[in-house]
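Below, chains carry the letters A, B, ... as their sequence lines are ordered, and counting in each starts from 1.
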Amino acid sequence: MAESRITPRAQDFAAWYQDVVLEGNMAEPAEIVKGCMVIKPNGYAVWELLQRQLDDRFKASGHENVYFPLLIPESFLHKEAEHVEGFSPELAVVTIAGGEKLAEPYVLRPTSETIIGHFFARWIQSWRDLPLLLNQWANVVRWELRTRMFLRTTEFLWQEGHTAHASHEESLAETLRILDIYAEVAEQVMAMPVIKGMKTQGEKFAGALRSYSIEAMMQNGLALQAGTSHDLGQNFGKAFDVQFQNREGGRDYVWQTSWGVSTRLIGGLIMSHSDDKGLVLPPRLAPVSAVIVPIFRKEEEKTAVLAASQSLHQELTRHGVRSKVDEREGLTPGAKFFHWERRGIPLVIELGPRDLAAGQAVLKRRDTGTKQPLPLAELAARVPAELERMQQDLFAAAQARLAANTIRAASLAEVEEILAPVTAEKGGGKFVLAHIQDQAACEEALKKFKATIRCIPMQDLADGPGPCIVTGAPVERRSVIARAY
RNA sequence: CGGGGCGUAGCGCAGCCUGGUAGCGCACCUGCCUUGGGCGCAGGGGGUCGCCGGUUCAAAUCCGGCCGCCCCGACCA
């Protein structure tokens, strides 16, 4: 169990991130499979908690889970022109199976709009079949040129929602309803503040009418697209001939949506809260939220302390706290503190002879490092509130950082001034709010400082209309411009 | 996919230039001792030197190819 040093953020943010992922027992590179990772127990446990939060909300809003094949006939991708153009470069294709060359190759799904479109066409006949609200938890494969654990890997886990509706009004409402769910989970569960917005035409999903996203700011100021929700219009309906008979007796193509969040969220979680000592997990996503470290010297102390630790553990369990006792032999308490610290455990409870004598235990918070002695009799009952406070504090801290690093700009020169001098790797990235048109030429103008329009916020974050910093044409509200992962 | 760096014990590295029986620290195992922020002492185990090929009496070391990881860029959740 070698635990090595963690590179400080200020020295090398990318190295820090990788150290935290590794030392936090979250994941490691698959090494023998290019661009892939092994998600380790701590990382997968976080994913399961996140999955559950999302899945409960999907179910509550009327969605049902399904599962479609991993393999998709290559021709399916070609049915929607923009879609194939967008995904072709990153497809992995199966050409040989069972020792025979396939008549038609299969692609490993990069996303499932096409194969789902095919089945929607079979399942949907009438307006009474709508809306059709489906979701699947799956793995997808995209042959990425550059990978980073959780943020971008060749294979990743996600959920993809696919819905079909009778009108554009309904599909748009669904798209935005999901965007709200994503934002709620990001902010309330992950403690990661996000900006909800519309993607530009240049940044939207290949094949969509409009894409919407939640954008988060990492500690180095880079933007992370944390979730997307697409209003597909009738594009896939037409490509896959998904028609239904409407109330008036006429035939119509369905209006579809698709939306997804992935294991990338875990990368965002890590880069939102962790520090130079390692991983920091918000309580709601911590697989274990309190670890009890027993401290003892003599045999009779050991017996008493372990007994007290176990009963505290049971008490915590009764109060709904995911806790455990670190009973490992041969490790000093100090070694255990460091161990759990780098794994991001929200609370460590120190319990030794001195505490027992005083009828207390010492509670230590992972984020602030503050220690607080609490009477044993009431400790377990107070832990949930302490966890909740930490959850809120993490969110507030992230929110403050987002606010402090969001700056308005009135011209391209000002955008450059804000973004150019500081390299994002050194932690100086910013969100720039500026009026800019949703046009290829405008996005092109941002390229030289490696920035993009992250989104056009759903709610005006500043001061209403103004002239485009590239063309001078009037623009309704400021967009978020930033460098992104 | 282009540029750069790296690949030697579980981890971090030295050795490579100048070919000649593979080393160090941590971790691990055993025993004793210790335990309120990474205990100590003693003994011990562990290696196809990323892979394939070439040169050579002899390759971790020289040459060629390939693979993987990291960083930067272009493409992307």
Side-chain angles (χ1 to χ4, degrees), chain A residues 1-5 7 12-15 17-19 22-23 28-37 85-91 110-111 139-160 182 199 202-206 211 213-216 223-230 258-268 277 293-299 301-302 305 326 328-342 348-358 360-362 364 369 371 373 423-425 447 450 452 484-485:
Chain A
M1 207 177 321
E3 298 188 340
S4 48
R5 282 115 237 105
T7 309
D12 183 342
F13 195 83
Y17 174 74
Q18 190 167 2
D19 289 346
L22 292 170
E23 295 300 321
E28 65 181 55
E31 176 195 3
I32 43 167
V33 188
K34 183 177 166 58
C36 292
M37 65 174 168
E85 193 189 330
F87 280 104
S88 284
E90 48 190 275
L91 292 179
T111 179
N139 57 338
V140 287
V141 172
R142 298 181 185 177
W143 214 257
E144 300 289 353
L145 298 178
R146 183 174 175 185
T147 58
R148 303 168 190 258
M149 284 187 288
F150 290 116
L151 299 174
R152 175 167 294 102
T153 46
T154 298
E155 178 188 8
F156 58 94
L157 304 181
W158 77 343
Q159 59 68 215
E160 45 178 322
Y182 286 164
K199 299 305 270 188
E203 294 270 330
K204 71 170 185 175
F205 175 75
S211 289
S213 73
I214 51 171
E215 302 283 331
L224 184 75
Q225 179 174 302
T228 47
S229 187
H230 313 292
S258 69
W259 28 274
V261 294
S262 69
T263 37
R264 165 179 265 199
L265 284 177
I266 296 174
K277 289 183 283 194
V293 176
I295 300 161
F296 47 80
R297 198 179 296 256
K298 312 184 197 99
E299 203 53 33
E301 285 176 350
K302 177 175 175 181
V305 167
D326 187 352
R328 289 175 299 165
E329 307 263 354
L331 285 174
T332 62
K336 292 180 180 177
F337 297 149
F338 280 103
H339 178 82
W340 297 114
E341 186 168 73
R342 68 182 48 217
V348 168
I349 300 169
E350 307 178 11
L351 184 54
R354 296 209 296 261
D355 296 308
L356 273 190
Q360 63 168 40
V362 177
K364 179 165 187 195
K371 286 188 182 184
T423 65
E425 282 63 38
K447 270 199 168 173
K450 299 175 207 158
T452 48
Y485 273 103

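Distances were taken from every side-chain heavy atom of A/Arg148 (C-beta onward) to each of B/U34, B/C70, B/C71; the shortest belongs to B/C71. Here the nucleotide nearest the side chain of A/Phe296, chosen from B/G36, B/G38, B/U35, is B/U35. Each of B/G36, B/G68, B/A74 was ranked by its minimum atom distance to the side chain of A/Leu145; first place goes to B/A74. In the set B/C71, B/U35, B/C75, B/C75 carries the atom at the smallest distance from any side-chain atom of A/Glu144. You'll find that the side chain of A/Arg342 is closest to B/G38, out of B/G38, B/C71, B/U35.
Looking at heavy-atom distances under 4.0 Å, A/Leu151 makes contact with a base. Looking at heavy-atom distances under 4.0 Å, A/Phe205 makes no contact with the nucleic acid at all. Residue A/Thr228 is out of contact with every strand shown, counting any heavy-atom pair closer than 4.0 Å. At the heavy-atom level, A/Glu350 lies under 4.0 Å from base atoms of the strands shown. The residue A/Gly35 sits close only to the backbone: its heavy atoms come under 4.0 Å of sugar-phosphate atoms, none of a base. A/Thr452 comes within contact range of no nucleotide atom at all, as no heavy-atom separation falls under 4.0 Å.
With rounding to the nearest 0.5 angstrom, the OH atom of A/Tyr485 is 15.0 Å from the CD atom of A/Gln225. With rounding to the nearest 0.5 Å, the separation of CZ in A/Phe150 from OH in A/Tyr17 is 6.5 Å. Atoms CD and NZ, from A/Glu341 and A/Lys336 in turn, are 15.5 Å apart once rounded to the nearest 0.5 Å. Atom-to-atom distance recorded for A/Thr263:OG1 and A/Glu155:CD is 9.0 Å, nearest 0.5 angstrom. Distance check: A/Ile349 CD1 to A/Asp326 CG gives 12.5 Å after rounding to the nearest 0.5 Å. To the nearest 0.5 Å, atom CD of residue A/Glu301 and atom CZ of residue A/Phe296 are 9.5 Å apart.
Remark: the separation of the C1' atoms in B/C63 and B/U56 is 12 Å, to the nearest Å. Going from the C1' atom of B/U18 to that of B/G7 covers 23 Å, rounded to whole Å. Taking the P atoms as reference points, B/C28 lies 47 Å from B/C75, given to the whole Å. Rounded to whole Å, the P atom of B/G19 lies 34 Å from the corresponding atom of B/G2. Comparing the P positions of B/C71 and B/G65 gives an interatomic distance of 26 Å, to the nearest angstrom. On the P atoms, B/C51 is 10 Å away from B/U8, given to the nearest whole Å. Rounded to the nearest Å, the gap between the C1' atom of B/C16 and that of B/G20 is 14 Å. Comparing the same atom, P, in B/U55 and in B/U61 gives a spacing of 15 Å after rounding to whole Å.
A/Leu22 places its CG atom 16 Å from the P atom of B/G10, with the value rounded to the nearest Å. In this structure, the CE atom of A/Met149 is 14 Å from the C1' atom of B/C71, given to the nearest Å. In this structure, the CD atom of A/Gln18 is 11 Å from the P atom of B/C69, given to the nearest Å. Regarding A/Asp326, its CG atom lies at a distance of 15 Å from the P atom of B/G38, rounded to whole Å. We find that CG of A/Leu356 is positioned 13 Å from C1' of B/G36, with the value rounded to whole Å. With rounding to whole Å, A/Trp143 atom CH2 is found 8 Å from B/G68 atom P. Following rounding to the nearest Å, A/Glu329 (CD) and B/U34 (P) show an atom-to-atom distance of 15 Å. For the pair A/Asp19 CG and B/C69 C1', the computed distance is 14 Å after rounding to whole Å.
Under the Watson-Crick or G-U wobble criterion, with both distances below 3.5 Å, B/U61 is left unpaired in every strand shown. Using N1 to N3 plus N6-O4 or O6-N4 for Watson-Crick, or N1-O2 and O6-N3 for G-U wobble, each under 3.5 Å, B/C26 pairs with B/G10. Base pairing of B/C66 is made with B/G50, judged by Watson-Crick or G-U wobble geometry with both donor-acceptor distances under 3.5 Å. Pairing for B/G40 is with B/C32, a Watson-Crick or G-U wobble pair whose two hydrogen-bonding atom distances lie under 3.5 Å.
Along RNA chain B, the nucleotide nearest A/Lys277 and the nucleotide nearest A/Glu155 are compared for position; the residue whose nucleotide lies closer to the 5' end is A/Lys277. Projected onto RNA chain B by closest heavy-atom contact, A/Lys371 and A/Lys450 fall at different nucleotides, the more 5' of which corresponds to A/Lys371.
The shortest distance between the side-chain N/O atoms of A/Lys447 and the OP1/OP2 oxygens of B/G73 is not below 4.0 Å.
Across all non-hydrogen atoms, the minimal contact from A/Leu22 to A/Pro29 is CD2-CD, 4.1 Å.
In summary, A/Lys199 and A/Glu215 engage in a salt bridge, as defined by a charged side-chain N under 4.0 Å from a carboxylate O.
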